[in-house]
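First up is the structure itself, then whatever we jot down about it.
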Amino acid sequence: MNTTANANAMTAILRQISLDWNRTISYGRSYLAILFAYAPGVTCLMAATGSTLDSVAGAVIGGAVSGFLMLNITLFSYEQMNNHHWMNGIVPINRNHQILGRFAFLIVCDLVAGLEVAVSIACAGIIMHEPVKVTDAIGFAAMTVLTLVLLNTIVQPFLYRFSPYRAMAAIILSIGVIVGTVIGLRKALPEFEKTVEQLAESISRHQAIALAAFLIIDVLALAFSSKISLHIYGSKDI
């Protein structure tokens, strides 16, 4: 019985992943081309115009994170604009598997974003005649993936609770509160900025430990976010 139940659950999750993929490609090849070409294009342009490798790495990671985070919001927007969310009550996938499938699909996309970052930074190094170490490229890719996973776990409950537009407003408001808090701490605590710099230096010296800690945080965030999302989504009529 358990084997059959596990097989059925896996089938349902794969159906959800397939459904999300169909939603993604419904925007056309130009959408996917822009999504995948954005980060390498910006990277090569910056590398060719004399930027430093550190600034190029920061730009490509930021571009990939923002672009692939928008993909998550796009999936919910597609459901709302096309009344496609009504299909969620028709297809033979229960809500728990819909949520797990959505997270699985996003994690696959996050891994693609990490690979794109690694390749982009390697190409930038070739253009700038500054060879990038394989370990550094892997580190940048891992940071991209872990950052995207964490951000997706944070925004997911908002997207299940509100419409995409209201969710975006709530997310932007939350970011504003965080930024305001950081600015306030910098002014109220003179040692705050120095502490942040020391923390950044410590992370760079112990990158493997920092990534392992980040991974643990992501796993815990995924578990918590999926539970909250299911609670919110389960109380809705679809």
Side-chain angles (χ1 to χ4, degrees), residues 13 17 35-36 38-40 42-44 46-47 51-73 99-126 128 130-158 171 174-175 178-179 181-182 185 191-229:
I13 291 171
I17 293 172
L35 181 65
F36 288 108
Y38 175 77
V42 171
T43 302
C44 293
M46 291 182 66
S51 299
T52 64
L53 194 57
D54 286 340
S55 63
V56 169
V60 70
I61 291 174
V65 167
S66 59
F68 278 81
L69 182 61
M70 282 303 300
L71 175 61
N72 185 7
I73 299 171
I99 291 172
L100 293 177
R102 175 64 55 84
F103 274 119
F105 177 75
L106 291 172
I107 289 173
V108 171
C109 292
D110 296 345
L111 292 172
V112 172
L115 178 62
E116 186 178 15
V117 165
V119 172
S120 297
I121 292 175
C123 291
I126 293 173
M128 300 170 69
E130 296 183 26
V132 178
K133 295 180 181 179
V134 175
T135 53
D136 290 340
I138 293 174
F140 287 131
M143 184 59 67
T144 302
V145 173
L146 293 173
T147 301
L148 267 171
V149 170
L150 182 60
L151 290 175
N152 279 323
T153 60
I154 292 173
V155 304
Q156 210 70 358
F158 286 100
I171 292 166
S174 299
I175 292 173
I178 294 171
V179 172
T181 302
V182 171
L185 287 173
E191 298 297 320
F192 177 75
E193 191 168 353
K194 183 178 179 180
T195 302
V196 172
E197 290 177 356
Q198 291 174 345
L199 179 62
E201 291 177 3
S202 177
I203 290 174
S204 63
R205 287 196 304 267
H206 305 91
Q207 191 176 42
I209 297 175
L211 290 175
F214 203 168
L215 177 60
I216 293 172
I217 292 172
D218 275 7
V219 171
L220 294 175
L222 274 169
F224 183 73
S225 180
S226 60
K227 183 172 290 189
I228 295 297
S229 297

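Just so you know, residue 1 is the first one in the sequence shown, and it goes up from there.
The shortest heavy-atom contact between S120 and V60 is CB-CG2, 3.7 Å. Contact detail for A64 and V117: the closest heavy-atom pair is CB-CG2, 3.6 Å. The minimum heavy-atom distance linking V145 with G114 is given by the pair CG2-CA, 3.7 Å. When all heavy atoms are compared, the tightest approach of S225 to Q156 is OG-CB, 3.8 Å. The two residues I17 and A104 have their closest heavy-atom pair at CD1-CB, 3.8 Å. Scanning all heavy atoms of the two residues, the minimum distance from F103 to N152 falls at CE2-O, 4.4 Å.
With contacts defined as side-chain heavy-atom distances shorter than 4.5 Å, the pair L150/L146 does not qualify. When side chains are defined from C-beta on, L211 does not count as touching L215, because their heavy atoms never get closer than 4.5 Å. Side-chain contact check for F224 versus T153: every heavy-atom pair is 4.5 Å or farther apart. Residues N72 and L151 are not in side-chain contact: their nearest non-hydrogen atoms beyond the backbone lie 4.5 Å or more apart.
With rounding to the nearest 0.5 Å, the separation of CD1 in I107 from CZ in R102 is 13.0 Å. F140 contributes atom CZ, which lies 10.0 Å from atom OG1 of T135 (distance to the nearest 0.5 angstrom). Between L148 atom CG and L71 atom CG the span is 9.5 Å, to the nearest 0.5 Å. Between the CZ atom of F68 and the CD1 atom of I73 there is a distance of 14.0 Å, given to the nearest 0.5 Å.
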Practice item. List the steps, then state whether side-chain contact (heavy atoms from CB on, under 4.5 Å) holds for I61 with V65. Key: CA-CA 6 Å; I61 291 174; V65 167; 4.2 Å; yes
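At least one donor-acceptor pair closer than 3.5 Å links the side chain of S226 to the backbone N or O of A223.
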